2 protein chains.
Amino acid sequence: MDVRALVGINVQRLRRGRGLTQLELSLQSGFTRAYLSGLEAGKRNPRLLSLERLASVLEVQIEDLVRRSKSGFGSSDGG
Amino acid sequence: MDVRALVGINVQRLRRGRGLTQLELSLQSGFTRAYLSGLEAGKRNPRLLSLERLASVLEVQIEDLVRRSKSGFGSSDGG
DNA sequence: CTGTGACTGCTAGTCCGTA
DNA sequence: TTACGGACTAGCAGTCACA
């Protein structure tokens, strides 16, 4: 699981959780809709301040964007 | 407190905690020493994958890099 | 309402020298 | 051991058009 995909999933979940469309989030965050689409798809490598901006609009901490959802706990990162 | 400064502080603390110099961290992470210097000073805006790389070398999660140290809890962000 | 490809401008990150 | 600045390269942010 790529971190980018992880962030994408979290953003989409958070966005939908707040009943927002990509368009609405784009308006509030200042990012374009097309960019958010790619972001949620895990195809983008956002900057720290971009993450901050997103977290702010979604009313969460940055750590909530990079945190793994619990669908299997413990990283099987053997090395 | 800027997020960039926050990350910088965390990186420096974690690095020193592991007894590493900037040079050693640069070797292990692949980033240049000059860059790490600016990063720890909070002057850089790293990308998500860069954060991941740093966290990996420091053996922590990305969230540990963006998390606020508890030196006064509660953001007075009235928002 | 959302995903994708080509394009342009900006900047993250590199390399080198100095204090 | 670390901080700072300038020129350079590669990759990303952001846009438009199409489905």
Side-chain angles (χ1 to χ4, degrees), chain A residues 1-69 71, chain B residues 1-69 71:
Chain A
M1 168 71 92
D2 195 339
V3 223
R4 292 172 299 182
L6 183 62
V7 169
I9 291 173
N10 284 331
V11 169
Q12 186 174 77
R13 179 168 303 183
L14 257 14
R15 174 176 64 79
R16 297 202 166 199
R18 300 196 71 78
L20 297 174
T21 64
Q22 287 185 351
L23 177 60
E24 291 171 327
L25 183 57
S26 74
L27 261 33
Q28 293 185 33
S29 65
F31 294 111
T32 62
R33 193 177 58 75
Y35 179 67
L36 292 178
S37 175
L39 186 72
E40 292 186 0
K43 298 179 179 178
R44 295 297 174 178
N45 187 13
R47 301 169 188 177
L48 178 58
L49 291 182
S50 299
L51 253 23
E52 168 74 345
R53 175 51 101 186
L54 242 21
S56 176
V57 174
L58 294 172
E59 296 183 334
V60 297
Q61 299 299 314
I62 299 181
E63 31 183 312
D64 293 318
L65 296 183
V66 300
R67 195 194 304 277
R68 297 190 125 71
S69 297
S71 57
Chain B
M1 169 71 91
D2 194 338
V3 222
R4 291 171 299 181
L6 183 63
V7 169
I9 291 174
N10 284 330
V11 168
Q12 186 175 74
R13 179 169 304 183
L14 257 15
R15 175 176 62 80
R16 296 200 167 203
R18 299 195 71 77
L20 298 173
T21 63
Q22 287 185 351
L23 178 59
E24 291 171 328
L25 181 58
S26 75
L27 261 32
Q28 293 185 32
S29 65
F31 292 110
T32 62
R33 194 169 55 76
Y35 180 67
L36 292 179
S37 175
L39 186 72
E40 292 187 359
K43 297 179 179 179
R44 293 298 172 179
N45 188 14
R47 299 172 182 173
L48 179 59
L49 291 181
S50 298
L51 254 21
E52 166 75 343
R53 173 52 97 185
L54 243 20
S56 175
V57 174
L58 293 172
E59 296 184 335
V60 297
Q61 299 299 315
I62 298 181
E63 32 183 310
D64 294 318
L65 297 182
V66 300
R67 195 194 305 277
R68 293 190 130 72
S69 299
S71 60

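In the text below, chain A, chain B and the rest are named by the order of the sequence lines, each starting its count at 1. This is a predicted model, so every value here is computed, not measured.
- A salt bridge links A:Glu40 with A:Arg15: the distance from a Lys NZ or Arg NE/NH1/NH2 to an Asp or Glu carboxylate oxygen falls below 4.0 Å.
- Residues in residues 31-66 of chain A take part in these ring pair (Phe, Tyr, Trp, His ring centres under 6.0 Å) pairs, two or more places apart or across chains: A:Phe31-A:Tyr35.
- In this structure, CZ of A:Arg4 is placed 12 Å from C1' of D:dG11, rounded to the nearest angstrom.
- Nearest-nucleotide positions on DNA chain D for A:Ala34 and B:Ser37 put B:Ser37 closer to the 5' end.
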Kindly give the atom pairs (protein nitrogen or oxygen, nucleotide nitrogen or oxygen) under 3.5 Å for nucleotides 7-12 of chain C.
{"residue": "C:dA12", "atom": "O4'", "partner": "B:Arg47", "partner atom": "NH2", "Å": "3.4"}

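- One atom, CD of B:Glu40, and another, C1' of D:dT1, lie 11 Å apart when rounded to the nearest Å.
- Residues from residues 19-33 of chain B lying near DNA chain C, meaning a heavy-atom separation below 4.0 Å, are B:Gly30, B:Phe31, B:Thr32 in numerical order.
- If you measure from atom CG of A:Leu39 to atom P of C:dT4, you get 13 Å, rounded to the nearest angstrom.
- You'll find the side chain of A:Leu54 reaches within 4.5 Å of the side chain of A:Leu36, heavy atoms only.
- Salt-bridge formation is not detected for the pair B:Arg18/B:Glu24: no Lys NZ or Arg NE/NH1/NH2 atom is positioned less than 4.0 Å from an Asp or Glu carboxylate oxygen.
- In this entry the distance linking CZ of A:Arg15 with C1' of C:dG3 reads 12 Å, nearest Å.
- For A:Arg16, there are no side-chain hydrogen bond (donor to acceptor under 3.5 Å, both in side chains) partners at least two apart in sequence or on another chain.
- Applying the salt bridge (charged side-chain N to carboxylate O under 4.0 Å, His left out) test to B:Glu52 and every residue at least two apart in sequence or in another chain returns nothing.
- Listed by chain and number, the residues in a side-chain hydrogen bond (donor to acceptor under 3.5 Å, both in side chains) with A:Arg33 amount to none (sequence neighbours excluded).
- Using a 4.5 Å heavy-atom threshold, the side chains of B:Leu65 and A:Val66 count as separate.
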